[in-house]
Undergrad: 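Can you read through this structure? Questions will come right after.
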Number of protein chains: 2
Amino acid sequence: MSSETKTRRRRKAERPAEILDAAFEEFVQHGYSATRLEDVAARAGVTKGTVYFYFDAKERVFEEMVRHKSQTFLPDLAMQAEKAEGSYTERLQALVAYTYAHIAENRDSREVLRFLISEGGRFPELVDRHYDEFVMPMIDQFKQLIDAGVAAGEFRDAPASEFVEIIMSPGLLVCLWSLVFGTRKHFDLDAFTRASTDLILRGLAK
Amino acid sequence: MSSETKTRRRRKAERPAEILDAAFEEFVQHGYSATRLEDVAARAGVTKGTVYFYFDAKERVFEEMVRHKSQTFLPDLAMQAEKAEGSYTERLQALVAYTYAHIAENRDSREVLRFLISEGGRFPELVDRHYDEFVMPMIDQFKQLIDAGVAAGEFRDAPASEFVEIIMSPGLLVCLWSLVFGTRKHFDLDAFTRASTDLILRGLAK
DNA sequence: TATTATTGACTGACCCGAAAGTCAATAGTA
DNA sequence: TACTATTGACTTTCGGGTCAGTCAATAATA
């Protein structure tokens, strides 16, 4: 490995992330209980002892790994919302498309959701953190846009504008489909995105 | 236990289901890998040996348990569709409401979904079976209704009518919300159902 | 009807591999 | 030399799976 040549100090700075990345792959493949920390270590190119040098228990590795993999999407979405232009319809359309595409492409987010579903009971703090730092901000982001659209008279003040979750639900379906069926059952993402946005925008239109 | 008084022959007829019910509870609480067959046995009021008398491996217990818990909703939905009356809008509305309510109330279906998400990789046959016997029929049920509505000129021939999955996606969101947050984060199901159906019907209307 | 033989659901002690976690020794680095 | 990141052998616990044996229920027999 080329990284072997680096100094120990530099290695120390990188080790935790390396271990967490390795842990991610193992946890994805086998689930929390069935992954062996020894395999995680091997994948990271170290031994079990080293893992315990940085983390004091398997649970901690898992928690840190989820935290490590959760810090991507949100800033991007905010930026996307920032730079959106045109009518509120167009902006919403763009934001929805961006979100769906992200879910479809970003394996990390998807697998984090899987972890929350399968291991959430064992790690309630993780679930709460995710709610505060991910679910709520995301909902707010969309809510803001829709409220503005309603205020501008472009969207009707319908029940749906009160429940932004609805708008995100087709995205969730895409995510779930991918988690359960992978690529085994075909799914036409483009067509689905078009159909969903069409339905949503029409449902909101005045 | 009153059941102790039953004859051995009668017990044999009931044991498997008893064990599978116990297994369901344990698997729900701890996940596949972390459940001990000994605890399953204890919950069913027998010993591990008895479990192995009826099932030849832990995997089999899990598979049979999922099968055991999957046989409810579909016939009910078909019946509901059968006896639906009024305009296609009204029928669709009724069917959607029925589906969402079922998801919200039926713990078994919800947990089966959790199993598919968390253990689907380990049990691909289970996933395929579920697709054939549950997902596809459900989609067909809705598709039939919508096609009829389009043919009758009541719904427009929109992209959404091609992708029935969209209509089911708010229901999935409810399900997921419940799986991840349980009752910890409040969710107004009635309002959500109203808002979703409103959006869907308006999106489909001519 | 009373006695005995047979069956088979069920038990629980046991085996064994596996994995979490420990730690004394080592080797690279400042 | 002092320090610390890393090793890998070791301990311990735990749980899936096995199997020889038990005993209640039933069938066969007198």
Side-chain angles (χ1 to χ4, degrees), chain A residues 1-66 118-119 122-123, chain B residues 1-66 115 119 122-123:
Chain A
M1 240 185 277
S2 65
S3 53
E4 285 309 338
T5 63
K6 290 175 185 168
T7 71
R8 289 188 131 210
R9 182 162 293 174
R10 176 136 182 69
R11 299 254 68 203
K12 175 171 190 190
E14 294 175 356
R15 277 282 190 249
E18 288 172 8
I19 292 171
L20 294 180
D21 285 336
F24 173 77
E25 294 301 332
E26 292 294 320
F27 283 132
V28 163
Q29 270 182 40
H30 308 109
Y32 176 73
S33 295
T35 36
R36 288 169 296 207
L37 241 35
E38 208 151 11
D39 290 349
V40 171
R43 186 184 278 266
V46 293
T47 36
K48 206 171 28 157
T50 304
V51 174
Y52 278 95
F53 181 76
Y54 290 102
F55 307 93
D56 54 313
K58 190 185 184 185
E59 289 177 356
R60 201 84 341 101
V61 175
F62 185 79
E63 287 166 2
E64 291 296 311
M65 170 255 133
V66 171
S118 48
E119 307 298 338
R122 199 192 295 265
F123 300 95
Chain B
M1 235 187 284
S2 66
S3 51
E4 284 310 339
T5 63
K6 291 175 183 165
T7 70
R8 295 191 125 209
R9 187 160 295 173
R10 177 140 180 67
R11 299 254 67 202
K12 174 168 190 190
E14 294 174 358
R15 277 281 189 250
E18 288 172 8
I19 292 171
L20 294 180
D21 285 337
F24 174 77
E25 295 301 332
E26 292 295 320
F27 282 132
V28 163
Q29 269 183 40
H30 308 109
Y32 176 73
S33 294
T35 27
R36 288 169 295 211
L37 241 35
E38 209 152 12
D39 291 349
V40 171
R43 185 184 280 266
V46 294
T47 36
K48 203 167 37 152
T50 306
V51 174
Y52 278 97
F53 182 76
Y54 289 104
F55 307 94
D56 55 313
K58 190 185 184 185
E59 289 177 356
R60 202 85 339 104
V61 174
F62 185 79
E63 287 167 1
E64 291 296 311
M65 170 255 134
V66 171
F115 292 143
E119 307 298 338
R122 201 192 293 265
F123 299 96

Undergrad: Rounded to the nearest 0.5 Å, how far apart are CD of A:Glu18 and CZ of A:Arg15?
TA: 5.5 Å
Undergrad: Could you tell me the separation between the CZ atom of B:Phe53 and the C1' atom of D:dA20, rounded to a whole number of Å?
TA: 15 Å
Undergrad: Write down the atom of B:Tyr54, the atom of B:Pro16, and the distance for their closest heavy-atom approach.
TA: CD2-CG, 3.9 Å
Undergrad: What's the CZ-C1' distance between B:Arg15 and C:dT11, to the nearest Å?
TA: 12 Å
Undergrad: Could you tell me the separation between the CZ atom of A:Arg60 and the C1' atom of C:dA20, rounded to a whole number of Å?
TA: 14 Å
Undergrad: Could you state the interatomic distance from CZ (A:Phe123) to CD (A:Glu59), rounded to the nearest 0.5 Å?
TA: 5.0 Å
Undergrad: By the definition side-chain hydrogen bond (donor to acceptor under 3.5 Å, both in side chains), identify the one residue from B:Lys58, B:Glu119, B:Arg122 that meets it with B:Ser33.
TA: B:Arg122
Undergrad: Do B:Val66 and B:Phe27 come close enough that some side-chain heavy atom pair is under 4.5 Å?
TA: no
Undergrad: OP1 or OP2 of D:dT7 sitting under 4.0 Å from any side-chain N/O of A:Thr47?
TA: yes
Undergrad: Taking salt bridge (charged side-chain N to carboxylate O under 4.0 Å, His left out) as the definition, give me every residue that meets it alongside B:Glu25, ordered by chain and number, with sequence neighbours left out.
TA: B:Arg107
Undergrad: Pull out every residue in residues 21-29 of chain A that has a heavy atom closer than 4.0 Å to any atom of DNA chain C, ordered by number, or say none.
TA: none
Undergrad: Between CD1 of A:Ile19 and CE of A:Met65, what distance do you get to the nearest 0.5 Å?
TA: 14.0 Å
Undergrad: Check nucleotides 15-18 of chain D for protein N or O atoms closer than 3.5 Å to its own N or O atoms and list the pairs.
TA:
{"residue": "D:dG15", "atom": "OP1", "partner": "B:Arg36", "partner atom": "NH1", "Å": "2.8"}
{"residue": "D:dG15", "atom": "OP2", "partner": "B:Arg36", "partner atom": "NH1", "Å": "3.1"}
{"residue": "D:dG16", "atom": "OP1", "partner": "B:Thr35", "partner atom": "O", "Å": "2.9"}
{"residue": "D:dG16", "atom": "OP1", "partner": "B:Lys58", "partner atom": "NZ", "Å": "3.1"}
{"residue": "D:dG16", "atom": "OP2", "partner": "B:Leu37", "partner atom": "N", "Å": "3.0"}
{"residue": "D:dG16", "atom": "N7", "partner": "B:Lys48", "partner atom": "NZ", "Å": "3.0"}
{"residue": "D:dG17", "atom": "OP2", "partner": "B:Tyr52", "partner atom": "OH", "Å": "2.8"}
{"residue": "D:dG17", "atom": "OP2", "partner": "B:Lys58", "partner atom": "N", "Å": "3.0"}
{"residue": "D:dG17", "atom": "O5'", "partner": "B:Tyr52", "partner atom": "OH", "Å": "3.4"}
{"residue": "D:dG17", "atom": "N7", "partner": "B:Lys48", "partner atom": "NZ", "Å": "3.0"}
{"residue": "D:dG17", "atom": "O6", "partner": "B:Lys48", "partner atom": "NZ", "Å": "2.6"}

Undergrad: Calculate, to the nearest 0.5 Å, the distance between atoms CD and CG belonging to B:Glu26 and B:Asp21 respectively.
TA: 12.5 Å
